[in-house]
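This report refers to the structure that appears directly beneath it.
We number each residue from 1, following the sequence as shown. All values below come from the heavy atoms of this structure, side chains included, with hydrogens, waters and symmetry mates left out.
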Amino acid sequence: KERVRSKLVALRERLASGLVGNDPLLEPLASRVTDPAATIARLTLAVDAFDEAMVLTIHGFCQRMLVEHAFECGLPLTAELLVDESAIRREAAEDWWRRAMHAASPIWLRYLMDRGMSPSRLLDAAMELSRPGIGDVLVPAESTWSEAAWLEAYRHARTLWQRGRGEIEALLATGPLNRNRYRPASVQRWCLMLDRYFDSDWPSVVLAIDAGNDKLEELLVRFTTQHIESAVSGHATVRHPFFDAATVLLNEISLARVALSNRLAREWAAFGRALHETIDRGKLERRRYSYDDLIARLHAALHGAGGDRLADRIRRSIRAALIDEFQDTDTQQYAIFRRLFVEGNIPLFLVGDPKQAIYAFRGADVFAYLAARGDADAAVPLTTNRRSTPALVDAVNRMFAAPQAFVLPAIGFEPATAADRGESLEMEAPPPAPLTIWWASGPGAEPMTKEKMRAAVTAATVDEITRLLAASRDGAAHIAVE
C-alpha cells in the first residue's frame, strides 16, 4: 500500500517540477498529461485521501465486507477469525475414525491395518477428494463382492494347509516338477511365507510387512493346480486338495483387492463431505470462521435471497477495482467480483497471466481466469519483460512458439520483449547459455519419486549457485553493465 502511495507522490512531484526523469513507470504517465495543474490537484486529493482506499488481499476484502455488512451476511458480530483450523479437522477425523472403526468388520479392520491407515492419513486423503468435483469423478460405485465368500475360501485353504503342510512341501520339493521353476530351497521359502500368511484368523490382501518384494498373488499362484500342472514332467501327476483351494482363494483375493480399494476411496470421499459439515457446524457453534469461510460466506450472501441488496450497498463505496495476480483466484472468488462489479457495471481491471494459473496449491483455477477474460470488454497485453536479459526472453519466446504450447487453445502465447538494462552475465569459459534445461531421472532412467526429485533439484540448484559464486570470487564471472 505504501508503494502505491509513494508512486502517486512521485508523479505529483514530477509534474510540479517539470523535470524529465528516467522512471520507466512515471515518465510514460507524465508524457500523457495534457493539463498538469488539474492532474496535480487530483493527485493531491488522492494522496490526502489515500488512507480511505482499500488496498487489500482478496481475503482481506471479503473480511472487510463481511464486517461492514454483518447483518446482510448473517455473520455474528462477535465472531473470531480462526487462523488455523487444523486442530478442528484433526478432532473431526479422530471422532469419525472412532465411530467408523467401532462398526467395522474384522476383514475391513485388517485391510486398514495392512494399508497403514490412521486418522491423519484419512484426513489427508479426504481433503484431496473433497475438492470441488474431484470426489464425484474418482469415487467408484459399490460392487457385489462378498466378504463372506472370501472368508470361506480363506478358511478352507487355511485348514487344508495346516493339516497337510508337510505333504504339500514334499510334493513340490521332491515331486516330478520342473526344478528350474520349483527349486527345493525356493519351495521351502514359499512354504514359510504361507505359514505366516495363514497364521491369522482373518484374510489379508498382502503378505507380511517384511516379505520383501514378494506379492501375495505371485506366491499363491505357485500353489494353484494349473500352475503346478504346467510344471509337471512327463505324464506324472501332482495332486492335493490344497492346490484347488489355493486357486479359489487366489481369485477371491483378486476380487477383494479391487473391492476393498474401491471401498476405501468411497470412505475417503464420504468422510470428506462429512468433515466439512462437521467443521462448519463446530465453527458456527463456537462463533469462529476461517480464511476460506471469508470467501464462502460472502459468496453465499451475494448469491442468496438478499444478494441484490447487499451488492448494491457494497457498490456505493467502490467506484472501480483492480485485482493483481488474478491468475491465482478460483471460480468462487471470481463469482464474487463478477457479481459486484461486472453485473454492477463498475470498472474492474484484472492483471494476470493464465500461463501461471496452474498452481492449484495456491488455489489457482485457469478456467476462472478464462471465464473472466470472456467477460472483459478489452484485453491489453503486457509484453515488456523488465527482469530478464534480451537473450533469455528470446529463448523463452522460441520455446513456446509452437501451436497450443499451453494445451488449451484459449491460452495463447504473446512473445515478449526485454527492457534491456544493459546487464549480462559474462564468464571466461564456457560462455553461459541464456536458457538451460536440466533433465533429472532415477537409476536406469526410471521415474523419481517426488521426495527424491525435490532433493535432487535442491542439491543441483545449490551446486550451481556455489559454482557461480566461486567463479565470481576467482574473477572468472561477473555481471557486465553497458
Side-chain angles (χ1 to χ4, degrees), residues 24-25 28 58 131 133-134 322-331 333-334 337 348-427 430-442 445-450 452-465 467-468 477 479-482:
L25 173 64
I58 290 177
R131 287 172 53 199
I134 296 293
L322 182 148
I323 304 174
D324 195 13
E325 302 291 355
F326 182 76
Q327 74 276 349
D328 290 339
T329 59
D330 59 28
T331 303
Q333 291 171 0
Y334 176 60
F337 298 117
L348 173 63
F349 300 89
L350 307 176
V351 182
D353 180 0
K355 297 182 292 299
Q356 297 183 47
I358 60 174
Y359 302 112
F361 70 91
R362 293 197 317 214
D365 182 346
V366 68
F367 299 104
Y369 178 95
L370 295 177
R373 194 174 69 179
D375 289 335
D377 296 326
V380 180
L382 303 176
T383 58
T384 301
N385 185 315
R386 303 183 183 278
R387 296 181 177 179
S388 306
T389 63
L392 177 56
V393 171
D394 180 61
V396 173
N397 286 341
R398 291 172 182 268
M399 184 167 62
F400 293 114
Q404 288 189 222
F406 296 94
V407 182
L408 297 178
I411 303 178
F413 178 72
E414 191 83 22
T417 58
D420 191 1
R421 298 178 297 179
E423 298 178 354
S424 62
L425 174 64
E426 293 187 357
M427 300 187 68
L435 176 64
T436 301
I437 298 176
W438 289 344
W439 181 262
S441 63
E446 294 183 0
M448 299 175 69
T449 63
K450 181 171 64 175
K452 290 182 178 179
M453 178 65 76
R454 181 180 290 115
V457 169
T458 300
T461 303
V462 170
D463 289 344
E464 179 65 7
I465 293 173
R467 183 184 72 85
L468 292 173
I479 303 292
V481 180
E482 297 179 2

Over all atoms of both residues, closest heavy-atom pair of [X] and [Y]:
X      : Y      : result
Met399 : Ile437 : SD-CD1, 4.1 Å
Pro415 : Asn397 : CA-OD1, 3.5 Å
Pro390 : Ala418 : CA-CB, 3.6 Å
Leu350 : Ala372 : CD1-CB, 3.7 Å
Ser388 : Val393 : CB-CG2, 3.8 Å
Val366 : Pro354 : CG2-O, 4.0 Å

Q: If a pair satisfies side chain to side chain donor-acceptor pair (under 3.5 Å) and one of its residues is in residues 452-462, list it, with sequence neighbours excluded.
A: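 Found none.
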
Q: Start with the C-alpha distance between Ile58 and Phe337, add both sets of side-chain angles, then the distance that settles side-chain contact (heavy atoms from CB on, under 4.5 Å), and finish with yes or no.
A: CA-CA 10 Å; Ile58 290 177; Phe337 298 117; 4.0 Å; yes

Contacts of type side-chain contact (heavy atoms from CB on, under 4.5 Å), residue [X], not counting sequence neighbours:
X      : answer
Phe406 : Lys355, Phe400, Ile411, Phe413
Thr417 : Thr384
Gln404 : Pro409
Trp439 : Ser441

Would you call [X] and [Y] a side-chain contact if the rule is heavy atoms closer than 4.5 Å?
X      : Y      : result
Leu382 : Val351 : yes
Leu408 : Phe367 : yes
Val457 : Trp438 : no

Contact list for [range], test salt bridge (charged side-chain N to carboxylate O under 4.0 Å, His left out), sequence neighbours left out:
range            : value
residues 380-393 : none
residues 370-383 : Arg338-Asp375
residues 395-408 : Asp394-Arg398
residues 406-417 : none

Q: Step by step, work out the ring pair (Phe, Tyr, Trp, His ring centres under 6.0 Å) result for Tyr334 and Tyr369.
A: CA-CA 8 Å; Tyr334 176 60; Tyr369 178 95; 9.5 Å; no

Q.
Pair Asn385, Leu392 - check side-chain contact (heavy atoms from CB on, under 4.5 Å), show working.
A. CA-CA 10 Å; Asn385 185 315; Leu392 177 56; over 6 Å; no

